[in-house]
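Structure record follows, encoded as structure tokens.
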Amino acid sequence: MPELPEVEVVRRGLERGVAGRTIATVTVSHDRAVRRHLAGAGDFEAVLRGRTIAAVRRRGKYLWFDLAGRDLLTHDRAPHDLPTHDGASHHGATVGTALLGHLGMSGQLLVVSPVKEPEKHLRVRILFTDGGRELRFVDQRTFGGLAVVPTVGELPAPIAHIARDPLDSDFDDDAFVAALRRRRTGVKRALLDQTLVSGIGNIYADESLWRAGVHYARPTETLPASTARALLAEARAVMTDALAAGGTSFDSLYVSVNGESGLFDRSLNVYGRAGQPCVRCETVIVRDAFMNRSSFTCPGCQPRPRRARW
DNA sequence: TCCGGCACCTGTACGC
DNA sequence: TGCGTACAGGTGCCGG
């Protein structure tokens, strides 16, 4: 499942593979892949033609391509008419255009030869004017998607609410610790809230909690600041390690732009290890149902709080 | 405003 | 063999 380290690996590959190139044609073969592009698939294909990719950027698990050149989105409408996620206007702000993407559960952005056979779940194909390798969005479960959106300031408008991630140099540790302790929820639910801290998904939430010795159902308001700070440090460490290993992969659903899988799954200590002994204390790892998914914990290292909350 | 539950998807594994 | 069901889970929406 692509979380921050996996998305960053993909971003770096895309930066090398498509930055500076101009889009020739776009083909959408599954409308759901562009469902966030409200004007529809035909418009999506049309507005991208002739645009040059200036840079490939990321916040949390979102990726976007900054588009240079003429600004089709602002051509016919004044900047203050541009919609945002909350309906707010941004009169006077710097407005640009970006191709925004999210990999969802199973999305892949591949840079491949135009003569390569189409993948079974190929959803969007982007060809470039130089005739070189093309960009493909492949997504089995179609939780991911692409959209052409306005950028306001440094961010695409639809993701203005996404918090910085722990690997971002401008991430504010003190503000995070304070905000986490103000919440009235379970600590894992808070870690998965992308408006509080971005980039953490189910795998790295479980790994971070295990490293910090905190149970996922620990109420946030009972966390001492020192524990909250330690948890953040572990989240940062586990994602840094995963990034260095090229990301985590359990199967072929997560791959880099070259189609290669990461190796970090060999380094996971608790996620997916139900029934196996904890590498730290040898207590058997357990799996609990949580938020319609799974939580893996070591009952020895991460005792369940008396007052659990999730 | 904050919090929790759930729909959205498809391929795979497993039990009967 | 074939069918039904559980499971994987990030995000956004909606109701309380």
Side-chain angles (χ1 to χ4, degrees), chain A residues 1-8 10 29-38 58-64 83-88 100-109 119-124 137-147 149 155-163 165 178-207 209 216-221 239 247-255 261 265 268 270-275 287-296 307-310:
Chain A
M1 314 307 156
E3 300 183 28
L4 187 156
E6 293 74 37
V7 178
E8 177 58 20
V10 171
S29 50
H30 194 302
D31 285 355
R32 192 175 147 77
V34 294
R35 66 192 180 283
R36 304 268 172 222
H37 187 87
L38 301 179
R58 179 189 62 76
R59 173 164 287 195
K61 302 171 203 170
Y62 281 92
L63 280 167
W64 70 93
T84 66
H85 73 288
D86 56 3
L100 176 65
H102 196 289
L103 300 177
M105 300 289 302
S106 54
Q108 302 172 5
L109 281 164
E119 291 75 9
K120 184 177 177 187
H121 301 291
L122 177 59
R123 309 304 191 192
V124 180
F137 180 65
V138 177
D139 191 6
Q140 177 199 101
R141 298 179 202 167
T142 66
F143 275 48
L146 303 175
V149 300
L155 287 180
I159 64 164
H161 63 294
I162 300 294
D165 64 66
L180 178 68
R181 298 174 72 223
R182 275 197 302 271
R183 293 289 175 102
R184 294 292 179 270
T185 187
V187 64
K188 181 170 174 181
R189 186 180 279 274
L191 287 180
L192 296 176
D193 182 347
Q194 304 296 302
T195 68
L196 183 65
V197 54
S198 70
I200 302 177
N202 204 40
I203 297 171
Y204 296 120
D206 277 5
E207 290 298 313
L209 289 162
Y216 65 86
R218 177 81 178 266
T220 46
E221 69 271 24
M239 291 197 289
T248 298
S249 178
F250 297 100
D251 50 39
S252 61
L253 284 184
Y254 160 69
V255 292
S261 292
D265 56 317
L268 295 178
V270 66
Y271 186 87
R273 297 191 67 244
R287 172 192 170 278
D288 292 334
F290 169 84
M291 287 172 70
N292 289 328
R293 58 208 67 188
S294 295
S295 260
F296 297 91
R307 200 156 54 82
R309 178 183 272 166
W310 51 79

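Throughout, protein chains are lettered first and strands after them, A, B, ... in sequence-line order, and every chain is numbered starting at 1.
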For [Y], does its backbone N or O pair with a side-chain atom of [X] as donor and acceptor, under 3.5 Å?
X: A/Glu207; Y: A/Asn202; value: no
X: A/Arg273; Y: A/Val270; value: no
X: A/Arg59; Y: A/Ile162; value: yes
X: A/Ser29; Y: A/Leu122; value: yes
X: A/Asp165; Y: A/Gly199; value: no

Sugar-phosphate, base or nothing in reach of A/Arg189, heavy atoms under 4.0 Å: base
Touch class at under 4.0 angstrom, heavy-atom based, for A/Arg35 against every strand present: nothing
Starting at atom [atom1] of [X], determine the distance to atom [atom2] of [N], rounded to an integer number of angstrom.
X: A/Arg293; N: C/dC7; atom1: CZ; atom2: P; result: 14 Å
X: A/Gln140; N: C/dG10; atom1: CD; atom2: C1'; result: 15 Å
X: A/His161; N: C/dT11; atom1: NE2; atom2: C1'; result: 8 Å
X: A/Asn202; N: C/dA8; atom1: CG; atom2: C1'; result: 9 Å
X: A/Ile162; N: C/dG12; atom1: CD1; atom2: C1'; result: 10 Å
X: A/His102; N: C/dG10; atom1: NE2; atom2: P; result: 9 Å
X: A/Leu192; N: C/dA8; atom1: CG; atom2: C1'; result: 14 Å
X: A/Leu100; N: C/dT11; atom1: CG; atom2: P; result: 11 Å

A/Arg123 vs A/Gly186, nearer the 5' end of DNA chain B by closest nucleotide: A/Gly186
Contact check, side chains of A/Leu192 and A/Phe290, non-hydrogen atoms, under 4.5 Å: yes
Would you tell me if any nitrogen or oxygen in the side chain of [X] comes within less than 4.0 Å of OP1 or OP2 on [N]?
X: A/Arg287; N: C/dA8; answer: yes
X: A/Arg141; N: C/dA8; answer: no
X: A/Tyr62; N: C/dG12; answer: yes

A/Arg58 and A/Leu4: CA distance, side-chain angles, deciding distance, side-chain contact (heavy atoms from CB on, under 4.5 Å) verdict: CA-CA 9 Å; A/Arg58 179 189 62 76; A/Leu4 187 156; 3.4 Å; yes
A/Arg36 side chain, from C-beta outward: closest of C/dG12, C/dT11, C/dC7: C/dG12
Chain A contact limits on DNA chain B, taken 5' to 3' with a cut-off of 4.0 angstrom to heavy atoms: B/dC3 to B/dG11
